[in-house]
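First the proteins, then the strands, lettered A, B, ... as listed; each starts at 1.
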Protein chains: 2
Amino acid sequence: MSIGPMGIARRATISDVAREAGTGKTSVSRYLNGETNVLSSDLRARIEAAIKRLDYRPNQMARGLKRGRNRLVGLLVADITNPYTVGVLRGVEAACHALGLMPLVCNAANEVEMERRYLQLMTTYRVEGVIVNALGVEEETLRPVGEGGTPAVLVDRSIEGLSADMVGLDNGEAVAMGMRHLLEQGFDDIRFAVQPYESVSSRRLREAAFRAALEQAHALRGAGAEPLRGETMVLDLSDAEAVARTHEAVDRHLQEAGGRRVAYFAANGPVALSLALHLHARYGSRWQERVALMSIDDSEWAELIGVTAIRQPTYAIGYRAVEFLHERIEGGVEPAREAMLAGELVVRRSTAWREED
Amino acid sequence: MSIGPMGIARRATISDVAREAGTGKTSVSRYLNGETNVLSSDLRARIEAAIKRLDYRPNQMARGLKRGRNRLVGLLVADITNPYTVGVLRGVEAACHALGLMPLVCNAANEVEMERRYLQLMTTYRVEGVIVNALGVEEETLRPVGEGGTPAVLVDRSIEGLSADMVGLDNGEAVAMGMRHLLEQGFDDIRFAVQPYESVSSRRLREAAFRAALEQAHALRGAGAEPLRGETMVLDLSDAEAVARTHEAVDRHLQEAGGRRVAYFAANGPVALSLALHLHARYGSRWQERVALMSIDDSEWAELIGVTAIRQPTYAIGYRAVEFLHERIEGGVEPAREAMLAGELVVRRSTAWREED
DNA sequence: TTGTAAGCGTTATCAC
DNA sequence: GTGATAACGCTTACAA
């Protein structure tokens with residue numbers, strides 16, 4: 001690092017290195033890009049020394065400007081506060097690292113407006129591609145990006161009218177697996193709790209799978225069997241009053257159930273947490289004697305209080321998303337693909353335990 | 001967006017806009033930079049229209065190259081998996097947004113080697129400053145960066161020999177507050193659980209504050225009083241075997257304590273979680289009848305099972321860090337500052353509840 | 001094997 | 001008011 005006027009440090013440039021090594025920029029550039037076979041070992045050594053002496057680091061921005069690729073990929077997430085997101089992020093980072101990419105992480109904090117802004121900001125930095133796990137980006141926001149523009153890969157949720165690679169949980173199988181478990185355990189009163197699901201594909205699929213499983217179970221039981229109760233319950237976490245109302249509905253449900261232990265199947269981690277917090281606040285630390293909670297998304301607290309979960313392969317999802325994106329960046333032109341990764345059922349006390357225990 | 005050869009989309013450049021608007025690049029640049037007073041309203045309108053028509057977005061990289069500042073700031077975190085980190089991240093993002101900066105988030109996943117690599121990578125992208133919450137970066141890695149080089153702000157922990165702005169929890173007061181509470185509640189057997197603390201300033205300060213509080217309490221009690229037991233217990237989360245050994249030590253401690261309820265004061269969230277998981281696995285869901293857990297760092301699960309916590313103002317910490325950094329970026333030259341933000345005690349059942357309840 | 005020169009998309013300098 | 005033109009730090013023909 002050299003010192004410029006006024007004692008302010010200035011980073012060395014490729015020209016500085018060339019001068020220091022007594023050569024031209026071209027050779028230095030060649031050295032940097034590993035075209036080592038075209039360089040005499042003498043020159044190579046001089047360049048190497050000069051670089052070390054000046055503590056030179058090539059400027060990625062300038063490099064990107066010239067080459068048209070700066071190795072930046074954008075990662076837009078709806079909510080970094082959600083452990084699911086963090087898991088995906090870890091996978092994304094690992095894959096980026098392995099592929100020589102640099103992730104630019106943006107958290108929209110559940111604000112649709114933020115999502116749009118960040119997406120714009122990213123294109124401004126000329127990211128080579130984007131990975132999107134968003135709440136409400138619309139097809140039009142991504143369109144210029146999706147077709148011939150910046151490649152995009154969707155995570156967890158597809159966007160209506162946009163055909164892009166997408167990777168996420170195999171929702172249908174995950175919910176079916178959960179329901180199979182619940183029914184095997186003999187639960188006959190099951191509520192499926194989910195955030196408003198019209199506009200988010202993964203939620204929609206999960207809810208549909210829940211109803212499908214329910215109907216199938218009905219059919220199997222036949223006429224004479226004991227009735228099977230099942231219902232979808234919408235929990236809008238973005239609206240405190242709506243949450244309160246839904247919590248009250250839960251209370252009424254438990255009241256009706258009398259002493260009978262009912263099951264709640266949460267469509268994701270945040271929903272499960274909201275439910276658990278309410279139940280704990282309302283019925284004390286022994287609330288699990290009244291309701292069996294089960295959730296898509298595993299978490300620290302699920303293990304801590306013994307709640308059954310369907311663990312999502314978040315790391316793999318993030319990793320795969322980057323792999324997809326990388327292929328597109330390198331010019332892949334296959335039609336849009338979909339990777340649906342399997343969830344893993346982690347059975348804990350909440351559902352293993354029957355009333356008679 | 002215009003279409004280049006082979007149908008491949010190419011983003012419009014400033015030259016395209018100039019041509020489309022029938023003017024020169026200079027005027028377009030002026031328009032972009034808000035030097036609107038120097039432009040005739042006619043020209044201004046034409047440029048505006050051209051920009052809209054071409055969906056033009058200035059290239060930040062090129063801009064940065066020319067201006068020498070690209071509005072990128074690096075955020076290096078030790079572990080994105082830690083909720084503390086996520087809290088800080090949110091504050092950082094909000095502040096960056098407010099100040100027109102773009103955070104480049106790097107997660108070192110608890111690997112010291114990664115930290116070094118990412119720090120290098122960031123300088124390669126010519127970030128204007130860095131915010132560092134790292135495990136083991138050494139002073140030398142940051143030195144060129146800290147002095148006259150890229151400004152740096154430290155979060156949660158200082159680095160030996162490096163004088164840089166730093167922001168974090170007021171550790172002394174936080175621990176003192178926690179100890180005051182524990183003693184008031186009548187606990188007389190208190191273990192302070194902390195990760196290896198020699199090399200991480202915040203841990204060291206917390207441990208020291210624990211011992212100080214203990215001694216003070218001893219002094220206050222005088223000779224005739226019942227004995228007060230207190231001990232520091234190191235829990236090395238990076239080493240599974242060490243963790244197991246420490247967990248066993250916990251078991252022995254509980255055994256010795258007989259039926260008496262003892263207190264565990266965890267120096268941070270991950271430590272508290274490790275303890276809670278062990279206790280739950282070992283003593284079942286009613287483990288809190290044997291030990292009162294309290295922790296620096298609040299979390300979802302702490303509320304869910306009623307564990308007392310000292311909440312860190314993570315959002316404010318992140319926000320403040322960016323403010324500090326911004327001042328440096330703008331050329332501030334004050335000596336290194338330190339912001340110690342106050343924690344908040346959140347009392348829950350774990351400590352409010354006495355044995356006789 | 002090495003170097004010269006043009007150009008990536010901006011902004012800054014200086015003329016008109 | 002406006003617009004050439006020269007950088008910024010790099011890569012890449014093209015020459016030598």
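As rounded to whole Å, 12 Å separates atom P of dT2(C) from atom CG of N37(A). Between I14(A) atom CD1 and dA7(D) atom C1' there is a gap of 16 Å when expressed in whole angstrom units. One interatomic measurement links the two molecules: CZ of R69(B) to P of dG9(C), which rounds to 24 Å at whole-angstrom precision. One interatomic measurement links the two molecules: OH of Y125(B) to P of dC8(D), which rounds to 23 Å at whole-angstrom precision. Computed from coordinates, the Y56(B) OH to dG9(C) C1' distance equals 7 Å when rounded to whole Å. We find that CG of L65(A) is positioned 8 Å from C1' of dT10(C), with the value rounded to whole Å. Atom CZ of R30(B) and atom C1' of dG1(D) are 8 Å apart (whole Å). Whole-Å rounding puts the M61(A) CE to dT11(D) P distance at 14 Å.
Evaluation of atom-type donor-acceptor distances gives no pair under 3.5 Å for the side chain of R126(A) against the base of dG9(C). Interface remark: the T26(A) side chain does form a donor-acceptor pair with the dT4(C) base, using a distance-only criterion of under 3.5 Å. Between the side chain of K66(A) and the base of dT12(D), no donor-acceptor pair under 3.5 Å is found. Side chain R11(B) to base dG9(C): no donor-acceptor pair is found below 3.5 Å.
Here the side chain of E20(A) pairs no donor or acceptor atom with the backbone of L54(A) at under 3.5 angstrom. At distances below 3.5 Å, not a single donor-acceptor pair connects side-chain atoms of N59(A) with backbone N or O atoms of L65(B). A donor-acceptor pair under 3.5 Å links the side-chain atoms of E128(B) to the main chain of R71(B), judged by distance alone.
Distances shown here put every side-chain N or O of N59(A) at or beyond 4.0 Å from the OP1 or OP2 atom of dC8(D). OP1 or OP2 of dG3(D) lies within a sub-4.0 Å distance of a side-chain N or O belonging to S27(B). In this structure, S40(A) reaches the dT2(C) phosphate: one of its side-chain N or O atoms is under 4.0 Å from OP1 or OP2. For the pair T23(B) and dT2(D), the criterion of a side-chain N or O lying under 4.0 Å from OP1 or OP2 is not met.
In this structure, K25(A) and L39(A) both approach DNA chain C, and ranking their closest nucleotides by distance from the 5' end singles out L39(A). Residue order along DNA chain D, read from the 5' end via each residue's closest nucleotide, puts V38(B) first among R63(A) and V38(B).
For E160(B), the CD atom is loosely surrounded, since the number of other residues' heavy atoms within 6.0 Å does not exceed 12.
A salt bridge links E113(A) to R116(A): at least one charged side-chain nitrogen sits closer than 4.0 Å to a carboxylate oxygen.
Ranking dT12(D), dT2(D), dG3(C) by closeness to the L43(B) side chain, first place goes to dT2(D).
S29(A) comes within contact range of at least one nucleobase, with a heavy-atom separation under 4.0 Å.
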